[in-house]
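One structure is given here, and the rest of the page talks about it.
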Amino acid sequence: MMLDAARRLVAPSARSEVPPFMVMDVMAAAARIEAAGGRVIHLEVGQPAAGAPAPAIAAARAALGSGALGYTETLGIASLRARIARHYAERYRLDVAPDRIIVTTGSSAGFILAFLSMFEPGDRVAVAIPGYPPYRHILTALGCEPVPIETGADTRHAVTGDMIRSAHARKPLAGVLIASPANPTGTMMTPQALAELIEAAEAEGIRVISDEIYHGLDYAVPAETALRHSDRVTVINSFSKYYCMTGWRIGWMVAPEPLVRPIDRLQGNLAISVPTLSQIAAEAAFEGREALEAIKRGYQDNRRILTEGLPRAGLDNFLPADGAFYLYADISRFSDDSFNFAKRLLQEAHVAATPGVDFDPVNGKRFIRLCYAGSTADMAEAVERIGGWLARG
Ligand SMILES: Cc1ncc(COP(=O)(O)O)c(C=O)c1O
């Protein structure tokens with residue numbers, strides 16, 4: 001009895017029981033190989049190899065020497081919010097009021113704020129499978145119910161209006177979360193598919209969240225913001241990917257006007273404000289456009305090396321790499337266990353990739369995700385190593 005009571009005092013909550021990222025095991029195994037002197041080619045981690053653009057670093061340096069770096073306004077420094085609003089005018093020719101822009105600690109915090117401000121406990125929210133796992137896990141931790149919608153290559157792995165209507169008819173949905181370009185597939189929604197999905201969801205009273213974190217990294221067609229189609233959607237974005245600022249933990253949301261004050265209250269209580277140094281650097285990052293476009297051209301070279309080289313190496317079945325920096329390859333000709341495949345690829349060829357099971361508990365067994373945000377030389381060598389390894393069997 002005493003033991004039971006004592007155990008209860010340190011027992012974790014049920015809601016904290018979210019699955020870990022399997023890729024962490026791959027990363028740990030890669031680190032062991034490197035510690036023993038091996039050279040691993042890293043295609044597993046979804047982040048740019050480059051650091052923040054020079055104007056961001058310079059602004060951060062100047063800020064360090066010039067002030068106390070105290071808290072900022074909860075919704076973000078006014079000049080940064082205004083700069084983000086200008087970005088919508090410049091990039092999308094859209095007028096977005098700075099008042100609707102909320103600076104967040106990466107898009108990760110944006111999801112928490114969106115889910116808390118939009119949904120009640122128990123609300124059901126549709127997410128595409130395969131998809132970025134934290135969508136499901138954050139929803140679960142907050143007491144909402146993620147509703148996995150299986151997608152296929154026929155819709156470029158996008159959730160469609162029909163899929164939403166039929167899931168909603170089976171059991172009502174409160175929301176749907178979409179992403180284009182998407183992780184792990186690298187596919188994009190066509191502008192038509194995006195318009196159709198938003199229209200279908202809103203007609204049923206289903207709220208839409210659009211994760212636009214990979215905007216800027218679009219190769220097939222220009223990525224379109226969900227804001228083009230509706231002022232009622234919540235858009236989530238970040239400086240992590242295109243702007244190469246993962247570790248700065250800075251992102252933003254564009255919320256419908258009635259959600260701004262609730263998000264202000266939530267963020268004020270949860271975080272007070274977003275790290276000041278990162279906000280200052282982020283505002284200056286917009287001035288690093290030229291260098292960022294050069295980095296994007298590097299991704300395009302990498303993408304070409306992989307899409308041309310992998311079929312020759314034996315991996316000839318992958319989704320169209322429309323955007324982001326991911327290629328999702330079908331490995332079912334070689335294995336029905338992507339975790340084991342990734343483990344052997346790492347141990348025997350020293351190429352680290354992410355098993356698809358992280359993104360899709362069912363069909364992910366047949367896929368691995370390759371991230372091409374590294375150096376061009378590494379991509380060419382990865383193709384060589386994968387080809388040699390598959391040939392050896
Ligand atoms: C699709 C997607 N959304 C959101 C994130 C979270 O990024 P951050 O919190 O760094 O903005 C990631 C990170 O990999 C991602 O791939």
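Keep in mind it's a predicted model, so treat the numbers as computed, not measured. In listed order, ligands and their atoms are each counted from 1. Computation of the quantities below employed the complete heavy-atom set of this structure, encompassing side-chain atoms and omitting hydrogens, waters and symmetry-equivalent molecules.
Taking the ring centre of Phe286 as origin, the terminal cationic atom of Arg83 falls inside the region bounded by 6.0 Å and 45° from the ring axis.
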Report each N/O pair between ligand 1 and the protein that falls under 3.5 Å, naming both atoms.
{"from": "ligand 1", "atom 1": "3 (N)", "to": "Asp211", "atom 2": "OD2", "distance (Å)": "2.7"}
{"from": "ligand 1", "atom 1": "7 (O)", "to": "Ser107", "atom 2": "OG", "distance (Å)": "3.3"}
{"from": "ligand 1", "atom 1": "9 (O)", "to": "Ser107", "atom 2": "N", "distance (Å)": "3.4"}
{"from": "ligand 1", "atom 1": "9 (O)", "to": "Ser108", "atom 2": "N", "distance (Å)": "3.0"}
{"from": "ligand 1", "atom 1": "9 (O)", "to": "Ser108", "atom 2": "OG", "distance (Å)": "2.5"}
{"from": "ligand 1", "atom 1": "9 (O)", "to": "Arg249", "atom 2": "NH2", "distance (Å)": "2.8"}
{"from": "ligand 1", "atom 1": "10 (O)", "to": "Ser240", "atom 2": "OG", "distance (Å)": "2.6"}
{"from": "ligand 1", "atom 1": "10 (O)", "to": "Arg249", "atom 2": "NH1", "distance (Å)": "2.8"}
{"from": "ligand 1", "atom 1": "11 (O)", "to": "Ser107", "atom 2": "N", "distance (Å)": "2.7"}
{"from": "ligand 1", "atom 1": "11 (O)", "to": "Ser107", "atom 2": "OG", "distance (Å)": "2.9"}
{"from": "ligand 1", "atom 1": "11 (O)", "to": "Ser238", "atom 2": "OG", "distance (Å)": "2.7"}
{"from": "ligand 1", "atom 1": "11 (O)", "to": "Ser240", "atom 2": "OG", "distance (Å)": "3.4"}
{"from": "ligand 1", "atom 1": "14 (O)", "to": "Lys241", "atom 2": "NZ", "distance (Å)": "2.7"}
{"from": "ligand 1", "atom 1": "16 (O)", "to": "Asn183", "atom 2": "ND2", "distance (Å)": "2.7"}
{"from": "ligand 1", "atom 1": "16 (O)", "to": "Tyr214", "atom 2": "OH", "distance (Å)": "2.7"}

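Residues Phe325 and Tyr214 bring their aromatic ring centres within 6.0 Å. Aromatic ring centroids of Phe341 and Trp389 lie under 6.0 Å apart. For an aromatic pair to be called close, the ring centres must be under 6.0 Å apart, and Tyr243 with Trp248 fails this.
Side-chain N or O atoms of Asn269 include one that pairs as donor or acceptor with a backbone N or O of Arg265 at under 3.5 Å.
Partners of Tyr372 by ring pair (Phe, Tyr, Trp, His ring centres under 6.0 Å), not counting sequence neighbours: none found.
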